[in-house]
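Worksheet: the structure to be examined is printed underneath.
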There are 4 protein chains.
Amino acid sequence: MNNQKPKYHQIIEAAVKVIAENGYHGSQVSKIAREAGVADGTIYLYFKNKEDILVSVFEQKMGQFVDKIADAIEGKSNVPDKLLKLIEMHFSQLSADYHLAIVTQLELRQSNLSLRLQINQVLKPYLTMIDHIVQEGVDQGEFREGLNIPLVRQMIFGTLDEIVTNWVMKEQKYDLIRMVPEVHAMIIGALVYES
Amino acid sequence: MNNQKPKYHQIIEAAVKVIAENGYHGSQVSKIAREAGVADGTIYLYFKNKEDILVSVFEQKMGQFVDKIADAIEGKSNVPDKLLKLIEMHFSQLSADYHLAIVTQLELRQSNLSLRLQINQVLKPYLTMIDHIVQEGVDQGEFREGLNIPLVRQMIFGTLDEIVTNWVMKEQKYDLIRMVPEVHAMIIGALVYES
Amino acid sequence: MNNQKPKYHQIIEAAVKVIAENGYHGSQVSKIAREAGVADGTIYLYFKNKEDILVSVFEQKMGQFVDKIADAIEGKSNVPDKLLKLIEMHFSQLSADYHLAIVTQLELRQSNLSLRLQINQVLKPYLTMIDHIVQEGVDQGEFREGLNIPLVRQMIFGTLDEIVTNWVMKEQKYDLIRMVPEVHAMIIGALVYES
Amino acid sequence: MNNQKPKYHQIIEAAVKVIAENGYHGSQVSKIAREAGVADGTIYLYFKNKEDILVSVFEQKMGQFVDKIADAIEGKSNVPDKLLKLIEMHFSQLSADYHLAIVTQLELRQSNLSLRLQINQVLKPYLTMIDHIVQEGVDQGEFREGLNIPLVRQMIFGTLDEIVTNWVMKEQKYDLIRMVPEVHAMIIGALVYES
DNA sequence: GATGAATGAGGCTTCATTCAT
DNA sequence: AATGAATGAAGCCTCATTCAT
């Protein structure tokens, strides 16, 4: 797939819009083609099949999502600050892109298992990033010893994901970014507190 | 819907089995009917349509799930113990029912939005139960003041849900119940610790 | 496939008519369904897929074709008479069924190789019948010794088939049955004459 | 159509190879173009459409086929020798060109009726040649009087064609040329013998 | 109540052909 | 003359739901 070509991105953007507006099952290839301003057949010059469009949407969008978080964190030396930035970036990016939030939190989850497994692969760098931050916190003595890293990561990701999903389902009627400090406080507590 | 009749429950059980074994998209009404030992048309004497079967599966199964947790918690006076019991029950029930875990964590999420909204309604009592426990903890001074209850609940539910989903996706290759103390410790920390 | 059911035969007959009138590539499943007076989906209660319809058409029609020839020959003790009857039956049956002749001689040959191989299987009993007659003629001293039976059968079948095809292509403008004695004479000559 | 240009023949040869290797329905224009080393659009500078490629393949290849047979026969004065040579040339040429045999005996027959009618036109000189030889044999008293020439020709062509097709279908596992004398003997018998 | 044969709408994908460069 | 990216029509099959028995 040549992802320099403008049509490739045209189709990706069209797919996000169409899926957000029509739902996963209401997004026929012909509808995406029409939104992208190309013929149905043109889709298949850039994507193997319909599933490939969806995986590519996720790859492109989540790739950027993860990269931006990674960039933002790089500047921070302090582990709690890294976590704060991560939460903030996670929430702010999805807050800023209405369509993308709907697609990632609601629509793409209706895909079949095979697609969901591919989506998980795309998320892996993000999950690994979380692992590294937590490990760093443990190494620096910021977090308590003996933390089960994968379990911690599941807690962090599960928390952020559930909060965003709730916000999307409530039709974004409140400000997601205002939640950042409270979420950060909870996560820090979970990692620091020893009973 | 007559839910006293034996066929009603036959069909529910058949649906869980068929969905767990064939996946959401591989679960045709005719397959559920065959597994239940009834004719296709009979399904429609007990359920309005296919979606109604799936909602009912969730209602029945999650109804029991929530009731059992509520019962188990009733005996506890101590709030952290209630949370411990809740986590333990959440994990142990899904550990014990292989089919149900697959269906709730993976397959039913592929349903369309309308079904997912109905499923959320079924979960509401569980979420409310979590809200009450957290509120009780705050009132008793166990947890810190000023907690945003819905946010806390999203953290707790998101954490538990993500952990179970990971365990199902990893084909249950490890013991979920062994995770309970660590998860409990993290959640308590999140609710107690003040920076 | 339940081939007692009336719809099964309704669809077979419809297929012959539609293929004869629209050609192999102009015979959409929906057209066959309409001609048979059933819904498109009903086709798939009786046939696995479109190819299965075509194979079944051939099986049914050529099955009868071969059976009738076999019956007609049974009464004959004389080998040249058997051949005469075989030629006569071959020509008269296809003469009598306008649609069938078009379908077997022209349209079904446009099918893909896999279908053609299946069609060959259906023809096998007919070819074997020819082999037996020729062998009998050799055994009884009617035909010369040393005949290569498969080769003789290919000559006989190739001759009859080509003659019928020419007749169909010429839009049946002459009487095929009138050719029988001449064809018979040639075939007998081929098998008897020693240079 | 410019048939002097090298690309014209490049495309013809590519078509034979692609059809032999991929089958009629697996031979897309783009595949033929790739094999010929030209762009898809270039095909349409030399051929009106896809059907025109296939007709041209047949014209070129069968033109040579027929010419070579005509040349070989010219030297013979004896009619049975002419027939012997014709059979020998028919078999030897197809034996010698593996791809061509598959294309003419199996693949091109899957084409639609309109193409098959055009192919018949290409074969006409060959059929006429057979007619002339048979007529000559009758005139010279070698063959019996009263032969129906078109019918005889159909017998001869049908026999040769069926034998070659069987040989191709059996994946050329035996020597086709070894069959020549037996085939010749049968055909002579058919034309000479009087009951 | 129970059956199950029949229905028919709906969408992904291929590929011959065109045409701007 | 040559290219190859773009076009868009066309059809097989699935499966939730109905309804005559």
Side-chain angles (χ1 to χ4, degrees), chain A residues 2 5-8 10-11 25-34 36-53, chain B residues 2 5-8 11 25-34 36-54, chain C residues 2 5-8 10-11 25-34 36-53, chain D residues 2 5-8 11 25-34 36-54:
Chain A
N2 184 345
K5 294 287 180 61
K7 298 234 159 127
Y8 178 86
Q10 233 166 285
I11 294 166
H25 288 110
S27 297
Q28 296 81 358
V29 171
S30 59
K31 219 177 253 174
I32 296 173
R34 200 179 321 126
V38 300
D40 291 19
T42 304
I43 299 271
Y44 292 87
L45 298 176
Y46 297 91
F47 301 90
K48 214 165 63 252
N49 50 34
K50 187 180 178 181
E51 179 165 319
D52 190 30
I53 307 176
Chain B
N2 185 346
K5 294 295 177 58
K7 296 215 168 152
Y8 178 86
I11 294 167
H25 287 110
S27 297
Q28 296 79 4
V29 171
S30 60
K31 215 178 255 172
I32 295 173
R34 200 179 321 126
V38 302
D40 293 16
T42 305
I43 297 269
Y44 291 86
L45 298 174
Y46 294 91
F47 299 90
K48 206 163 72 251
N49 51 32
K50 187 179 180 183
E51 183 166 314
D52 189 30
I53 306 175
L54 302 175
Chain C
N2 185 345
K5 293 290 180 60
K7 299 235 159 129
Y8 178 85
Q10 231 167 286
I11 295 165
H25 288 110
S27 297
Q28 296 80 357
V29 171
S30 60
K31 220 177 251 173
I32 296 174
R34 201 179 320 126
V38 300
D40 292 18
T42 304
I43 299 271
Y44 293 88
L45 297 176
Y46 296 91
F47 300 91
K48 212 165 63 252
N49 50 34
K50 189 181 178 181
E51 181 167 316
D52 191 30
I53 307 176
Chain D
N2 185 345
K5 294 295 178 58
K7 294 215 168 151
Y8 178 86
I11 294 167
H25 287 110
S27 297
Q28 295 79 3
V29 170
S30 61
K31 218 179 253 172
I32 295 173
R34 201 182 317 127
V38 301
D40 293 16
T42 304
I43 297 270
Y44 291 87
L45 299 174
Y46 295 91
F47 300 90
K48 208 163 70 249
N49 52 32
K50 187 179 180 181
E51 183 167 312
D52 190 30
I53 308 176
L54 302 174

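By convention in this document, chain letters (A, B, ...) are assigned in the order of the sequence lines, proteins followed by strands, and residues within each chain are numbered from 1.
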Notebook entry, point to check: Mapping A/Gly41 and B/Ser27 to their closest nucleotides on DNA chain F, which lands nearer the 5' end?
Noted result: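 So the residue in question is A/Gly41.
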Checklist line | Of A/Gly37 and D/Ala39, the one whose closest DNA chain F nucleotide lies more 5' | finding: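 Its nearest nucleotide lies further toward 5', so the answer is D/Ala39.
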Given [options], which nucleotide is nearest the side-chain atoms of [X]?
| X | options | value |
| --- | --- | --- |
| A/Asp40 | F/dA9, F/dC12, F/dT7 | F/dA9 |
| C/Lys50 | E/dT3, F/dC12, F/dA16 | F/dC12 |
| D/Asn49 | E/dA2, E/dT17, F/dC13 | E/dT17 |
| D/Tyr44 | E/dA16, F/dC12, E/dT13 | E/dA16 |
| C/Tyr46 | F/dA6, E/dA6, E/dT3 | E/dA6 |

Check: With nearest nucleotides of DNA chain E determined for A/His25 and A/Thr42 from heavy-atom distances, which residue corresponds to the more 5′ nucleotide?
Finding: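 Mapping each residue to its closest nucleotide by heavy atoms, the 5'-most match is A/His25.
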Note to self: Which is more 5' along DNA chain E, the nucleotide nearest B/Lys7 or the one nearest A/Glu51? Just name the residue.
What the structure shows: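 Looking at DNA chain E, the more 5' nearest nucleotide goes with B/Lys7.
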Note to self: Minimum heavy-atom separation for D/Gln28 and D/Lys50, please, with both atom names.
What the structure shows: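 Smallest interatomic distance, heavy atoms only, reads CA-NZ, 4.4 Å.
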[X] [atom1] - [N] [atom2] separation (whole Å):
| X | N | atom1 | atom2 | result |
| --- | --- | --- | --- | --- |
| A/Ile32 | E/dT13 | CD1 | P | 11 Å |
| D/Leu45 | F/dA1 | CG | P | 6 Å |
| C/Phe47 | F/dC13 | CZ | C1' | 15 Å |
| B/Asp52 | F/dA16 | CG | P | 14 Å |
| B/Ile43 | F/dA16 | CD1 | P | 10 Å |
| B/Arg34 | F/dC15 | CZ | C1' | 13 Å |
| B/Lys48 | F/dA16 | NZ | P | 16 Å |
| D/Gln28 | E/dT17 | CD | C1' | 14 Å |

Checklist line | Any-strand Watson-Crick or G-U partner of E/dA9, both distances under 3.5 Å | finding: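 Its partner is F/dT14 (Watson-Crick or G-U wobble, both distances under 3.5 Å).
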Next item on the list: Under a 3.5 Å limit for both distances, which nucleotide forms a Watson-Crick or G-U wobble pair with E/dA20, could you say?
Entry: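 Its partner is F/dT3 (Watson-Crick or G-U wobble, both distances under 3.5 Å).
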Next item on the list: Please work out if B/Lys31 contacts a base, only the sugar-phosphate, or nothing of the nucleic acid, heavy-atom cut-off 4.0 Å.
Entry: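 The answer is nothing, as B/Lys31 stays clear of every strand by at least 4.0 Å.
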Margin query: As an exercise, state the distance from CD1 of A/Ile11 to CD1 of A/Ile43, rounded to the nearest 0.5 Å.
Written below: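 A/Ile11 atom CD1 to A/Ile43 atom CD1 measures 4.0 Å (nearest 0.5 Å).
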Checklist line | Atom pair OH (B/Tyr8) and CG (B/Leu45), whose distance is rounded to the nearest 0.5 Å | finding: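 These two atoms lie 14.0 Å from each other.
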Note to self: Would the distance check show the side chain of A/Lys31 and the main-chain N or O of A/Gly26 forming a donor-acceptor pair, the cut-off being under 3.5 Å?
What the structure shows: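 It does hold such a pair.
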Check: Does any non-hydrogen side-chain atom of D/Ile32 lie less than 4.5 Å from one of D/Val29?
Finding: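 Side-chain contact under 4.5 Å: no.
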